[in-house]
Asker: 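Take this structure first; my questions come after.
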Amino acid sequence: MNTSMETTLTDRGQTAIPARIRKRFSLKAGQKLVWVDDGDVIFVSPVAQDPIAAFRGSTRKGHLLKALLKSRAVDARH
């Protein structure tokens with residue numbers, strides 16, 4: 001699901017996170033965010049309160065393994 005929303009940057013370098021995004025990701029005041037600059041695009045992602053708990057169980061359905069294998073197959077073709 002791609003959603004595009006526009007905000008304004010203040011003179012102090014601050015911006016507001018749209019309410020729909022705050023609600024969807026359960027963001028609260030004081031929540032830490034990580035900003036990643038890949039050279040072309042800036043990604044913003046919430047930092048988990050407990051990173052171990054957030055990661056636990058994420059591989060049970062094999063999604064990560066499938067993604068890794070797909071990525072390696074693409075790399076092998078190039």
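Keep in mind that what you see is a predicted model, and the values were worked out from it rather than measured. Along the sequence shown, residues are numbered consecutively beginning with 1.
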Asker: Within the distance-only criterion (no hydrogens, no angle test), does the side chain of Gln31 pair as donor or acceptor with the backbone N or O of Val47 below 3.5 angstrom?
Answerer: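 Yes; at least one donor-acceptor contact below 3.5 Å.
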Asker: What's the shortest heavy-atom distance between Thr7 and Ala16, and which atoms?
Answerer: CG2-O, 3.1 Å
Asker: List, by chain and number, the other hydrophobic cluster members for Leu9, where Ile, Leu, Val, Met, Phe, Trp and Tyr join if side-chain heavy atoms come within less than 4.5 Å, directly or indirectly.
Answerer: none
Asker: Do Phe25 and Trp35 land in one hydrophobic cluster if side-chain heavy atoms of ILVMFWY residues count as linked below 4.5 Å?
Answerer: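 Yes: a chain of side-chain contacts under 4.5 Å links Phe25 to Trp35.
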Asker: Which pair of non-hydrogen atoms, one from Pro46 and one from Leu27, has the smallest distance, and what is that distance?
Answerer: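 Residues Pro46 and Leu27, closest heavy atoms: CB-CD2, 3.6 Å.
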Asker: Scan the side chains in residues 37-44 for donor-acceptor partners under 3.5 Å anywhere in the protein, sequence neighbours excluded, and list what turns up.
Answerer:
residue: Asp37; atom: OD1; partner: Gly39; partner atom: N; Å: 2.8
residue: Asp38; atom: OD1; partner: Asp40; partner atom: N; Å: 2.9
residue: Asp38; atom: OD1; partner: Val41; partner atom: N; Å: 2.7

Asker: Side-chain contact test, heavy atoms from C-beta onward, threshold under 4.5 Å: evaluate it for Thr8 versus Thr15 and give yes or no.
Answerer: no
Asker: Establish whether Met5 and Ile17 are linked, either directly or via other cluster members, by ILVMFWY side-chain heavy-atom contacts under 4.5 Å.
Answerer: yes
Asker: Within this structure, what is the CZ-NZ distance for the pair Arg22 and Lys28, rounded to the nearest 0.5 Å?
Answerer: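 Those atoms lie 9.5 Å apart.
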Asker: Can you list the residues that meet the side-chain hydrogen bond (donor to acceptor under 3.5 Å, both in side chains) rule with Ser45, with sequence neighbours excluded?
Answerer: none
